[in-house]
Amino acid sequence: MIVIKGKSVFGGIAIGRISYLKKSREIVKRTIISDTGKELARFETARQAAILQLEELYEQAAAKVGEANAMIIQIHQMMLEDLDYLEAVNNMIENQGVTAEYATSVTGDSFSLKFSSMEDEYMRERAADILDISERVIKILRKEKQTAPSPKGPVIIASDDLAPSETIQLDKEMVLSFLTKYGSLNSHTAILARTMNIPAVIGLQDGLTEYWDGKTAVVDGFTGTVYLDPDEKTLEEMEEKKRREEEKKELLFSLKGKENITKDGKAIQLYANIGNSSDIGAVLENDAGGIGLFRSEFLYLEKSDYPTEEEQFSVYKYVAENLAGKKVIIRTLDIGADKQVPYFDLPREENPALGYRAIRICLTRKELFKTQLRALYRASVFGNISIMFPMITSLKEVLEIKEVAAEVKAELKKAGIPYKENLELGIMLETPAAVLISDLLAQEVDFFSVGTNDLTQYTTAVDRQNPMLDKFYDPHHLSILRMLKLAADNAHKNGKWIGICGELAGDLSLTEAFLSIGIDELSVAPALILPLRQKVRETSVGPVNPDWFL
């Protein structure tokens, strides 16, 4: 038996045969041509053919894994329309007199390298998307057939890495688990594994080789461990662990459709946090009551230029429609600090966490802000959308936000574009300043949502991005619970509701305290919805325990 460790993407136990998907990228040789006009036409024809292929692939993928996951393919279509990418290919053909294949290959490698060197992990993962679309165009230019992986399964899929278009085409009924040498927690393989509830381990490096094709393996998605050719004892232990986990899962899924009510009749809303529209499948699968935090910044992080109003409207509309009347709280742009976007051209700051970020950018670049608000208000007629504003510190900011929202509504009304007049507007409580004036803020907004990650950072003066301070980062700090109670009291005095969307919302050791102090909604990762529902239904809520605040 050989034991190798990687990074866990999704928990679960898989036992079966490994099917290793062998991949090889052919090197495209530099070839000089004389007729650049003909070569430009060849590239354009191939590009259009690739877009048509992706349209067909989207339809197939939507039927297999749902429209939310199939949006990966739509992102690829958008990339093939990217002006920077097209200009780079065309310039190479025109200025260097090379073939379309070579220009596409070099451009793909160049853009991939650019993405992979970015600080943001999500953006680094887009390097694989660029290579994928470039390979597709090159195959069309070479008149090679596009082949989808077709494992004879059910099997454990293993590979150096999986291209997004390959992952999306895999028959999920034939996949027991995913194993890859490379990749990250934001790769499409990882996203799909989480959505499909399939055990997956990535980053196995050189421990995973083609030699293991056809051999038996056990994948422990909880610990990120793979047992290749497991011995009898390990196999028995893992089969027992798998049996226990399946029983636990059945118990949790028996809670689908049940109410989030404590033993003594206290009700609470349980919503899901998502970072991308492709996560909607997980929201519905785990029976969330709605979306408590939709991080809209992914629209900006995955682009090489500002997303247009139409691009944003399309995504917000899609999410609202797919939630079919359930609440969708969309947080406005939260760029800055640890989320940097090159085309924003933000200045370098000594302490970006306390700097030019989130609502501060929006209120000083109002056209950028208004573009997003227009898209949100337009999408509001297609579902139950609420808007939430991050990084609030003052009443003045809230009043200015409402002025901009009023301008946007007036513009839409003048243009005859429908929107919901009384859209629910809320703010995130992430700073001590906002908590301490929450009595005033509650008079101007419809709800509060507490971002406990940042609130803990700013309250305890601990940079959560600094690993040297891990031992000092204490989300259970007495000050946090005291501020949560203060904010809840102020919300309810003004007839408003309050939720928590930070990591603390999923901390089952605090569920009773949250219910007792009057938190109305908890928003967590989709996979935590059912365990949290179970905890709520097992809890009896008594009076506030003074020990929580001493």
Side-chain angles (χ1 to χ4, degrees), residues 20-31 39-58 60-61 69-93 96 98-117 123-151 157-170 178 180-184 186-192 202 210 302 304:
Y20 206 104
L21 299 183
K22 301 175 182 65
K23 300 173 68 176
S24 60
R25 280 188 74 205
E26 288 186 35
I27 296 173
V28 181
K29 293 181 180 178
R30 180 184 174 92
T31 306
E39 213 61 23
L40 289 168
R42 282 186 68 232
F43 170 70
E44 181 58 23
T45 300
R47 185 178 74 88
Q48 292 296 339
I51 290 172
L52 287 174
Q53 282 185 1
L54 289 169
E55 285 177 1
E56 293 174 8
L57 182 55
Y58 172 81
Q60 296 168 17
N69 289 310
M71 280 191 74
I72 294 166
I73 304 302
Q74 289 187 326
I75 290 170
H76 282 205
Q77 288 176 284
M78 288 163 58
M79 285 181 166
L80 281 171
E81 304 280 3
D82 184 81
L83 295 179
D84 290 339
Y85 179 81
L86 300 182
E87 188 177 320
V89 175
N90 289 331
N91 283 346
M92 275 200 75
I93 294 172
Q96 298 183 30
V98 293
T99 60
E101 291 91 332
Y102 184 76
T104 304
S105 177
V106 171
T107 299
D109 288 342
S110 173
F111 274 60
S112 174
L113 185 63
K114 179 173 141 186
F115 275 97
S116 62
S117 63
M123 293 302 288
R124 287 200 300 272
E125 276 305 317
R126 304 295 65 82
D129 296 297
I130 291 289
L131 290 177
D132 201 8
I133 64 166
S134 299
E135 284 290 307
R136 181 173 294 277
V137 172
I138 290 168
K139 282 190 175 182
I140 293 170
L141 286 164
R142 289 177 161 180
K143 295 184 168 54
E144 293 177 8
K145 190 177 179 184
Q146 306 277 351
T147 55
S150 53
I157 297 292
S159 182
D160 290 3
D161 204 356
L162 287 165
S165 61
E166 292 174 323
T167 307
I168 204 76
Q169 290 182 85
L170 285 166
F178 288 121
T180 63
K181 275 189 176 185
Y182 313 115
S184 82
N186 282 323
S187 69
H188 287 309
T189 303
I191 292 167
L192 193 63
I202 61 173
E210 292 181 21
E302 68 182 18
S304 58

Candidate pair Arg30 and Gln96, rule side-chain contact (heavy atoms from CB on, under 4.5 Å), full reasoning: CA-CA 10 Å; Arg30 180 184 174 92; Gln96 298 183 30; 3.0 Å; yes
Check: Val106 main-chain N/O paired with Ser110 side-chain donor or acceptor under 3.5 Å: no
From CE (Met92) to OG1 (Thr99), nearest 0.5 Å: 8.5 Å
Heavy-atom side-chain proximity of Gln53 to Gln77 below 4.5 angstrom: no
Point-to-point distance, once rounded to the nearest 0.5 Å, from CD1 of Ile133 to OH of Tyr85: 4.5 Å
Short side-chain donor-acceptor distance under 3.5 Å, Glu44 and Gln48: yes
Separation of Ile138 CD1 from Leu131 CG (nearest 0.5 Å): 9.5 Å
Nearest atoms (heavy-atom pairs only) where Ile73 meets Leu54: CG2-O, 3.1 Å
Side chain to side chain contact (heavy atoms under 4.5 Å, CB included) against Glu144, all qualifying residues, sequence neighbours excluded: Glu26, Lys139, Arg142
Any donor-acceptor N/O pair, Asp132 side chain to Ala128 backbone, under 3.5 Å: no
Taking every non-hydrogen atom, the tightest pair across Ile93 and Ala100: CD1-CA, 3.9 Å
Under 3.5 Å donor-acceptor, Arg47 side chain and Leu80 backbone: yes
Shortest non-hydrogen separation from Ala88 to Thr107 and the atoms involved: CB-CG2, 3.7 Å
Separation between CD of Glu101 and OG1 of Thr31, rounded to the nearest 0.5 Å: 8.0 Å
Flag side-chain contact, heavy atom, 4.5 Å: Phe43 against Leu86: yes
Test item: Thr45 side-chain N/O and Ala41 main-chain N/O as donor-acceptor pair under 3.5 Å: yes
Interatomic distance, Leu113 atom CG to Ile130 atom CD1 [nearest 0.5 angstrom]: 12.0 Å
Lys181 side, atom NZ; Tyr20 side, atom OH - distance, nearest 0.5 Å: 4.5 Å
Shortest non-hydrogen contact from Ala103 toward Val98: CB-CG2, 4.2 Å
